[in-house]
Every structure is written in structure tokens, then in C-alpha cells.
Amino acid sequence: MDTPLSTIAVVGLGTMGTGIAEVLARAGHEVIGIDINEAAARQAVAALEAATARAVRRERITEEERSDALARFRTFGDLRAAAEAELVIEVVPESYEIKQQVFRELDTIVSPTAILATGTNALSVTRLAAESLRPERVLGLHFFNPAPAMKLVEVVSSVLTAPPAVEAVTALARSLGKEPVAVGDRPGFVADGLLFGYLNQAAAMYEANYASREDIDAAMKLGCGLPMGPLALLDLIGIDTARTVLEAMYSASQDRLHAPSPVLRQLSEAGLTGRKSGRGFYTYAESASQTVVPDALTPRDSASAVAGRTVRSVGVAGSGTMASGIAEVFAKAGYDVVLAARSQEKADAAKGRIAKSLERSVTKGRLTAEARDEALARITAAGSPDAFADVDLAVEAVAEDLAVKQQLFGTLDKVCKPGAVLATTTSSLPVVAIARATSRPQDVIGMHFFNPAPAMKLVEVVRTVLTADDVHATVREVCVKVRKHPVDCGDRAGFIVNALLFPYLNNAIKMVEEHYASLDDIDAAMKLGGGYPMGPFELLDVVGLDVSLAIEKVLHGEFRDPGLAPAPLLEHLVAAGCLGRKTGRGFREYARR
């Protein structure tokens, strides 16, 4: 079953089919493009001509290489043109009926040794293979859009697929400069299987009016380093397409996290399918435009109707990395800072950590020596929160333990002057439960910084049902003054970022538990196919498996969704003391320092 794959047919010359054809032709393959729509075939030729012309202008290929690539691409309107192909890749619409009809016809046309590949990202490869006369030659070959630019290709095997066929297309993908990952057959495969669950939860979060579309998107871009926010990405993908993928995933998994959010149905049925229609979650200048224009939901730039309180001095409680990072942020922004720990020794050590951080900034040219000295001079280290008597804003960054935080806020209630704002940096605990430990819950708010605080731009501003309007206004104003981007969210587990991030991480662990794909392939799929700066297992090991488990438990406890239950593998690793990089072993092993 050794197949050279020198002549390849692409059935369906839409955006994806045209992109795949371009990749193949430029790599030296004879490409037979097939589409029953003559206009689509002409457009595919024009697209290849334009793409190769750009490549010549940018000196990536020569004019001769361009001419050769164009000569290798031929278009036809009948499937019989695929007779000489050693590999056929279908990228027709996501419909079992349409795809099965294509495969039935190809069975009577192609050579018995030809490989038939489906480009589906939502349908069962096994079901499609079962309809073929040669199911051992059928597999999935899922490129990502735009195919010429995206490196990831998912190679999908069914229980019927012969290993040589998999080996042949895997070698082909590598020869095209792509990164193939081997996955089993389930809707969404790896990248879309993880991505669309996350997108669905973001849509549900927006539908619940928990946060604005702008704040949800900004939170995930700034908090996770993603290239696009989830709602903007849904508009790009197409809300109707996302709904189709999710319905296929839910049909297979029955996991409520995959059940399409009602807002996706509502938008789809209204024809508001995203960029391609000119309107989805956002409104665009015109159909197919990427320019967002203001609409009725766009936040206004007008000043807040409520004035904030004056903040000149800030108290930061804690001595860890987060506390010292927050103190550094405020000091560099010109605030007088009291950094209080459980002892003077711990407070001095935290200030010393800040001094080293500021020195690194000077060395890298990000800060002048004068600014370093001024910032450090603004910080007073204290061995007790009693030093917070005159601060206007007190920010706690102590252990993520409700009893510990409640005890500290009880102390702040007694120490801090009337009118001082009391903020907690909790990432998962109920802010209102912390507020109730004081006699002034109206002055308490969540101010969730991200680690490392000096570098990360995001702050989640979490107001409770008891938080005063001027306290909310104060914290938003302060965030802007310290050059952070505030996003508003309600007081529920995970806020925005963790509520969307950790179910995604948990689902990745479940994929490994089910032997569906390897750690390396999942990490590669999400970096190459989803644009994530780190794969899920890289990120879990950095965050700490114990921290991740704690957040998963809080999310599961609050929302009571079985799909949010922590993956048993995560619990086992934590029980074994494998907590990630900090212990030298998590999902992977690390060299001891």
C-alpha cells in the first residue's frame, strides 16, 4: 500500500479547498481541483494567481516557480477527473449526505490504492468510511484556515483506517511544511474539540449578561495572551459554523458544555452569522469586513456618572510574588505604598524582591535609574496591617483561603480609616463572603491582578451586590492610572478568565485520560491551530497542578455541572505531589535547579 501521492485531487474549491490546492501546487504536486460550480473553479484559479504573484513580489518564489505552480493546478467540474489521483481530499459542505455521496462516487472512479481523505472538522470519519467500499483507505485530513499560513494538520484515523494510509498522509503533511498530529475520530478532533467548548461557554457567559462582549474578549486576550477574544473569533469562524460543530460534539458527548448556547441558535436563525454577514456578536462595516463599527451595545466613552474616591496612598497586604508585584505597580505609578506582611522580616524580603525587579527593568532599558530609586522610596515595608491606618486603598494578596482572607479583612475593617476602599485579589473565592467579614461591605470589591502583575495588563474588577457605585468607580479609575485594563464582571466563581480557561484545561486532561491524543500532540494542536501562546499541559505545569485543581473544584462546586468535575488524572497527580514545574514534575518532568 505504498502510495507516492504525486497527483492529488481537491474536491470543493471554497476558501479551504482553494487554500489546500495552493499549498499542494506550490509544493510540486499535480493538483486536480474539482467543483460543480464553475464560478468557484474560476475564483480558485484567480486566487492562486494572486497568491503566487504576491509571493513573487515578496521574493519568496521566482517567476518561473510561479508559472510551474500555476501549470500544476487544473480545474474540472466532474468527479471523474479524480481518476488519476493517488489522494483525494474532499472539502465540500459539512453534511453527511453530501460527503457520503462524494465518497460513493469516488469509489467507482479512483484506483483501489488511492487514499480518500475528508476535511471535516465536525463529522464522524468512521461513519463516512463505513459508506466506502474501501474503508481502510479513508481518513481525516483536517487543515486549518487559512491553509497556506496555518501549520497544523490533524490526521484522523478511524478504527477501520490502515496504518500505511496514515503514514502516507502524515509524510505528505510534513513535506508541505506542516505539523501533523495524530488524533482519533471524535467530533472536533483536538483543536476544535477544545476550542469550541471554550467558545460556547463564552457565548453563554455573554448571553447571561455576566459581562460585556468587549470585556469578555479583552479578558481572554490580555489574561491569556490569545490573539483574539472568543466572541470576535466566533464572528470570524461563522456563528452558524460554530453551532454545527457544537451540535455534532454534543450529539457524541452529551456533555452540557457542548450543548450550543441558545444565543448561537438565535443569531444563526436571524442570519447574523458574523463577519460574513456583517453582523454577529459585533457589527461590521459591511459583509465580509473585519472593521468593527459602533452599535447600540458599544460602550460609550462618556465619563462615569459616579465620581470615584480620592486615592493617594495604597496598602498591599502579603509578602509573596503577587503582593510584591502589585506594590511595584502602584509605586511606579506614583502612589505611596505600604507593603505589610506577617513580620517585618517578610516585608523587608518582599521589598528586596521589588528592588531586584526594578533593577532588571533598568538593565533592560525599560526604566531609568532615577525612576527606580523614586519608586523604591515610595514603598514602606511594615510587619503588620496596622500600618494601613491612613491608606486610601487596601489591597490584599494573601493565601487563597477564605478563612485567611476573612480574618485579614476583619483586621482591615478595624485598622483602615472610614471611606478607605478594601480590595481582594482573589481569583476564585466569593468576594461577598470576604466583604461580610467587615462592617462595611459596601467598601469591598474584587481587584484581580494577573501574575506577574508588573507585566500583565488585565485587572478583573469584581463588584458584589453590596459594593457601592463610587467604590467601583474608584477602582476603575485607579486601574487606568496604573496602566492596567479593567474589565467588569460579577461575583461568581472564576470571574471571566478562570471560568473560561480552566474547563478548557480540564477537557484537555480528559483527552489524555481517554488515550485520544498525546500531551505533545494536544499542546502542538492548540499552539498551531488555536494561536495559544502555550499548550494546555505546558500551562498547567506553569500554573501548578494543585492551584489548577483548587480552581476546578471551586468551579464545579458553584456551577454543579458534571462536565466541570476535575479530571481524575489531575487529582491523582496532585495526590502524588506532582505539581508541575515547581516540584520538577507534573504532566512532564523538568530538570532540577
Practice prompt. Mark yes or no for whether Gln406, through its side chain, and Ala433, through its backbone, hold a donor-acceptor pair below 3.5 Å.
Written response: yes
Worksheet item: Do side-chain atoms of Lys457 reach the backbone of Gly223 as a donor and acceptor pair under 3.5 angstrom?
Response: no
Fill in: Lys417, NZ: over 12 other non-hydrogen atoms inside 6.0 angstrom
yes
Worksheet item: Does the Glu400 side chain pair with the main chain of Thr426, one donor and one acceptor, at a distance under 3.5 Å?
Response: no
Worksheet item: Would Ser253 and His258 count as having a side-chain donor-acceptor pair, cut-off 3.5 Å?
Response: yes
Worksheet item: For the residue pair Tyr504 and Tyr532, is the inter-centroid distance of their aromatic rings smaller than 6.0 Å?
Response: yes
Fill in: Exercise: identify the closest heavy-atom pair between Ala317 and Val398
O-CG1, 3.8 Å
Worksheet item: Is Arg243 salt-bridged to Glu247, cutoff N-O under 4.0 Å?
Response: yes
Fill in: Atom of Ala468, atom of Arg309 and distance for their closest heavy-atom approach
CB-NH2, 4.4 Å
Worksheet item: Which atom names give the shortest non-hydrogen contact between Ser313 and Val391, and what distance separates them?
Response: OG-CA, 3.2 Å
Worksheet item: Counting heavy atoms not belonging to Glu513, are there more than 12 under 6.0 Å from its CD?
Response: yes
Worksheet entry | Minimum side-chain heavy-atom gap Ile216-Met205 below 4.5 Å | yes
Worksheet item: Do Leu339 and Ile354 touch side chain to side chain, with heavy atoms closer than 4.5 Å?
Response: yes
Discussion item. With a 4.5 Å cut-off on side-chain heavy atoms, are His472 and Asp488 touching?
Written reply: yes
Worksheet entry | Thr474 side, atom OG1; Leu393 side, atom CG - distance, nearest 0.5 Å | 8.5 Å
Worksheet item: Hey, does the side chain of Arg483 reach the backbone of Val480 with a donor-acceptor pair shorter than 3.5 angstrom?
Response: no
Worksheet item: Measuring from Leu246:CG to Leu199:CG, what's the distance to the nearest 0.5 Å?
Response: 7.5 Å
Item to complete: Please tell me if the side chains of Pro562 and Arg256 come closer than 4.5 Å, counting only heavy atoms from C-beta onward.
Response: yes
Worksheet item: Which ring pair (Phe, Tyr, Trp, His ring centres under 6.0 Å) pairs, counting each pair once, include a residue from residues 417-443, with sequence neighbours left out?
Response: none
Worksheet entry | Side-chain donor-acceptor pair present, Gln442, Thr467, cut-off under 3.5 Å | no
Item to complete: Report the distance from atom NZ of Lys351 to atom CG of Leu358, rounding to the nearest 0.5 Å.
Response: 10.5 Å
Item to complete: Take Phe587 and Ile509 through the test side-chain contact (heavy atoms from CB on, under 4.5 Å) and record every step on the way to the result.
Response: CA-CA 10 Å; Phe587 283 98; Ile509 301 170; 3.8 Å; yes
Worksheet item: Which is it for Asp413 and Ser439 under the side chain to side chain donor-acceptor pair (under 3.5 Å) test, yes or no, and what are the steps along the way?
Response: CA-CA 7 Å; Asp413 188 31; Ser439 64; 3.0 Å; yes
Fill in: Residue pair Val181, Leu152: steps toward the side-chain contact (heavy atoms from CB on, under 4.5 Å) verdict
CA-CA 8 Å; Val181 298; Leu152 179 66; 3.7 Å; yes
Worksheet item: For Ile379 and Ala327, which heavy atoms make the closest approach, and how far apart are they?
Response: CD1-O, 4.3 Å
Item to complete: Would you mind reporting whether Val554 and Phe502 have side-chain heavy atoms less than 4.5 Å apart?
Response: no
Practice prompt. Validate the cation-pi geometry between Arg186 and Tyr516: distance from NZ or CZ to the six-membered ring centre under 6.0 Å, angle to the ring axis within 45°.
Written response: yes
Worksheet item: For Asn498 and His448, does a side-chain donor sit closer than 3.5 Å to a side-chain acceptor?
Response: no
Fill in: Under 3.5 Å: donor-acceptor pair, side chain of Asp470, backbone of Gly308
no
Worksheet item: With a 4.5 Å limit on heavy-atom distance, are the side chains of Ile522 and Leu194 in contact?
Response: yes
Item to complete: Go through the structure and list residues passing salt bridge (charged side-chain N to carboxylate O under 4.0 Å, His left out) with Asp469, not counting sequence neighbours.
Response: Arg463
Worksheet item: Is atom CG of Asp373 surrounded by more than 12 heavy atoms (other residues, nucleotides or ligands) closer than 6.0 Å?
Response: yes
Worksheet item: If you draw the axis of the six-membered ring of Phe537, does the NZ or CZ of Arg588 fall within 45° of it and under 6.0 Å from the ring centre?
Response: no
Worksheet entry | Shortest non-hydrogen separation from Ala191 to Glu154 and the atoms involved | N-OE2, 2.9 Å
Worksheet item: Please, which pairs that meet salt bridge (charged side-chain N to carboxylate O under 4.0 Å, His left out) have at least one residue in residues 211-235, sequence neighbours excluded?
Response: Arg213-Asp295
Worksheet item: Under 3.5 Å, is there a donor-acceptor pair linking the side chains of Thr464 and Asp491?
Response: no
Discussion item. Checking the side chain of Thr411 only, and the main-chain atoms of Gln407 only, is there a donor and an acceptor separated by less than 3.5 Å?
Written reply: yes
Fill in: Candidate pair Asn506 and Leu564, rule side-chain contact (heavy atoms from CB on, under 4.5 Å), full reasoning
CA-CA 8 Å; Asn506 200 44; Leu564 294 175; 5.8 Å; no
Worksheet item: Crowded around Gln344 CD? As in, over 12 foreign heavy atoms under 6.0 Å?
Response: yes
Worksheet, complete the sentence: Shortest non-hydrogen pair, Ala517 vs Val190, comes out as CB-CG2, 3.8 Å
Practice prompt. Would you confirm whether Asn451, through its side chain, and Met322, through its main-chain N or O, come within 3.5 Å as a donor-acceptor pair?
Written response: no
Item to complete: For the pair Arg492 and Glu558, find out whether any cationic side-chain nitrogen is under 4.0 Å from an anionic carboxylate oxygen.
Response: no
Discussion item. I'd like to check Lys582 versus Val547 (side-chain heavy atoms, cut-off strictly below 4.5 Å). Are they in contact?
Written reply: yes
Fill in: Steps toward side-chain contact (heavy atoms from CB on, under 4.5 Å) verdict (Val461, Met447)
CA-CA 5 Å; Val461 179; Met447 197 175 182; 5.6 Å; no
Worksheet entry | Check: Val497 and Phe450 side chains under 4.5 Å, non-hydrogen atoms | yes
Worksheet item: Just how far is it from atom OG1 of Thr583 to atom CG of Leu545, taken to the nearest 0.5 Å?
Response: 8.0 Å
Item to complete: Verify, without hydrogens or angle tests, whether Arg372 (side chain) and Glu359 (backbone) share a donor-acceptor contact under 3.5 angstrom.
Response: no
Item to complete: To the nearest 0.5 Å, tell me how far Met526 CE sits from Leu195 CG.
Response: 5.5 Å
Discussion item. Using only atom types and a distance under 3.5 Å, with no angle test, would you say the side chain of Lys332 pairs donor to acceptor with the backbone of Leu376?
Written reply: no
Worksheet item: Roughly how far apart are Asp541 CG and Glu589 CD, rounded to 0.5 Å?
Response: 10.5 Å
Worksheet entry | N/O donor-acceptor pair under 3.5 Å between Glu460 side chain and Cys489 backbone | no
